[in-house]
Amino acid sequence: MAITIKSEREIELMRESCRLLATVHKELEEKIRPGMSTWDIDEMGEKLIRKLGCVPNFKNYNGYPASICVSVNEEVVHGIPSRKRILQEGDIVSLDAGLIYRGYHSDAARTHGVGKISPEARKLIDVTRESFFAGIKMARAGNHLHDISNAIDAYVRPFGYGIVRDLVGHGIGTHLHEDPQIPNFRQIMRGPKLRAGMTLAVEPMINMGRAGVEWMEDDWTVVTQDGSWSAHYENTILITDGEPEILTTY
Ligand code: MF3
Ligand code: CO
């Protein structure tokens, strides 16, 4: 499928979808406490999304059973919320959420510390976030898609962290996952040319140890092979002729 270029009307709908999602993330971030279950986070997130008159796009997506992906410590992404998984002081928790507003999808993820966390965990979270910003410096019309991938890789490499290769970012719009796929590691080809009006979900997933990941028995939860902790940072962005617009920022 070709990469879609959104019209001005569609861009407005994307902006609103993403703005609403940002309010959900902000509320969830403020609510995180030790002692809370990952189920509690999903329940709060789904309620917030529905209160906005929107639909959680992850729910039932390829059979995913919840609205928010809640991934703790060595879980990379797609953690399934559980009443039994209780957040402890010192944990890191990645929240990945999305919604549909009048047919338009938004998608964003953040990793938060639970209470006081170690300096190592803080650094992993910070480097993951900054790798996103390094990547999107290259995200403008006329550049190529893999300029983003290469910039993320170049930023992360000196820290010695593992960049997850088995999962990628993606185009987004009337579908949660549209073309193109957006790798977070160095590419040999330049990839397609970026054009104003593309909307992309750029989402580095970075492991403190090695890059390898595996799927758990539940067929969803992705964990690091070496048990090291992992962070995730994602925004939906709009490509323009100048700086990209970060649509899900808060
Ligand atoms: N946010 C995820 C992504 O970027 C989607 C979660 S998969 C789902 O691809 F099944 F949980 F929806
Ligand atoms: Co995504």
Side-chain angles (χ1 to χ4, degrees), residues 1 3-4 14 17-18 20-22 24-25 28-29 38-39 41-46 48-50 54-72 75-82 85 93-101 104-112 128-129 131-132 135-136 139 145 148-149 152 163-185 198-206 213-223 230-239 244 246-250:
M1 204 180 87
I3 305 174
T4 57
M14 286 298 291
S17 177
C18 291
L20 293 170
L21 178 61
V24 172
H25 264 290
L28 290 179
E29 176 172 9
T38 58
W39 179 281
I41 294 174
D42 177 60
E43 197 172 55
M44 281 190 298
E46 178 165 358
L48 288 166
I49 291 168
R50 295 203 189 274
C54 298
V55 175
N57 44 5
F58 296 0
K59 191 134 198 183
N60 302 320
Y61 183 85
N62 292 334
Y64 185 74
S67 299
I68 317 287
C69 298
V70 187
S71 309
V72 184
E75 295 172 356
V76 180
V77 288
H78 304 168
I80 298 180
S82 159
R85 187 80 199 244
V93 61
S94 302
L95 305 186
D96 192 347
L99 59 77
I100 312 172
Y101 168 78
Y104 284 81
H105 290 250
S106 48
D107 187 5
R110 295 287 186 275
T111 301
H112 303 298
T128 303
R129 182 188 62 243
S131 76
F132 164 87
I136 67 151
L145 181 72
I148 301 174
S149 312
I152 293 171
I163 302 174
V164 175
R165 303 168 79 93
D166 301 82
L167 297 146
V168 294
H170 50 94
I172 181 168
T174 52
H175 302 270
L176 172 59
H177 292 140
E178 298 185 357
D179 278 346
Q181 295 197 16
I182 311 174
N184 297 301
F185 58 96
M198 290 178 176
T199 45
L200 307 175
V202 177
E203 49 178 318
M205 289 149 269
I206 310 293
V213 297
E214 57 197 28
W215 270 257
M216 293 198 352
E217 289 293 296
D218 63 16
D219 280 340
W220 276 105
T221 313
V222 178
V223 294
S230 186
H232 187 196
Y233 188 89
E234 173 180 30
N235 284 306
T236 299
I237 67 167
L238 168 70
I239 301 296
I246 306 175
L247 304 180
T248 43
T249 202
Y250 66 94

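Numbering of ligands and ligand atoms starts at 1, following listing order. As the structure is a prediction and not an experimental result, all values here were calculated from the model.
Draw a line from the Co ion (ligand 2) to OE2 of E234 and another to OE2 of E203, and the angle between them is 90° (to 10°).
Looking from atom 2 (C) of ligand 1 to the surrounding protein, the closest heavy atom is D96 OD2, 3.3 Å. Scanning the protein heavy atoms around atom 6 (C) of ligand 1, the nearest turns out to be H78 NE2, 3.7 Å.
Considering backbone and side-chain N/O of W220, none are found under 3.5 Å from N/O of ligand 1. On a distance-only criterion, H177 and ligand 1 share at least one N/O pair closer than 3.5 Å. Close N/O approach between N57 and ligand 1 is not found [any backbone or side-chain N/O within under 3.5 Å]. When only interatomic distances are considered, the shortest N/O to N/O separation between H170 and ligand 1 falls below 3.5 Å.
In this structure, the side chains of H105 and I100 come closer than 4.5 Å at one or more pairs of heavy atoms. No side-chain heavy atom of N184 sits under 4.5 Å from any side-chain heavy atom of V164. Here the side chains of T221 and W215 are not in contact, with every heavy-atom distance at 4.5 Å or above.
Counting atoms of ligand 1 from 1 in the listed order, those under 4.0 Å from a heavy atom of E203 are 3 (C), 4 (O), 9 (O). Shown in contact with C69 at under 4.0 Å from a heavy atom are these atoms of ligand 1, numbered in order with element: 6 (C), 11 (F). Distances below 4.0 Å separate heavy atoms of E234 from the following atoms of ligand 1: 1 (N), 4 (O).
At least one donor-acceptor pair closer than 3.5 Å links the side chain of T111 to the backbone N or O of H232. Between the side chain of D179 and the backbone N or O of I3, no donor-acceptor pair lies under 3.5 Å. Side-chain N or O atoms of T236 include none that pairs as donor or acceptor with a backbone N or O of T248 at under 3.5 Å.
Counting backbone and side-chain atoms alike, H170 contributes an N/O/S atom closer than 2.8 Å to the Co ion (ligand 2).
A perpendicular orientation is assigned to the rings of W220 and Y64, their planes being inclined by more than 60° (bins at 30° and 60°).
Here the CD-CD1 distance, from E203 to I172, works out to 9.0 Å after rounding to the nearest 0.5 Å.
Only side-chain heavy atoms of Y64 come within less than 4.0 Å of ligand 1; its backbone N, CA, C and O stay farther off.
Looking only at N/O/S atoms, D107 comes nearest to the Co ion (ligand 2) through OD2.
Between R110 and E29 there is no salt bridge, since no side-chain N of the basic residue sits under 4.0 Å from a carboxylate O of the acidic one.
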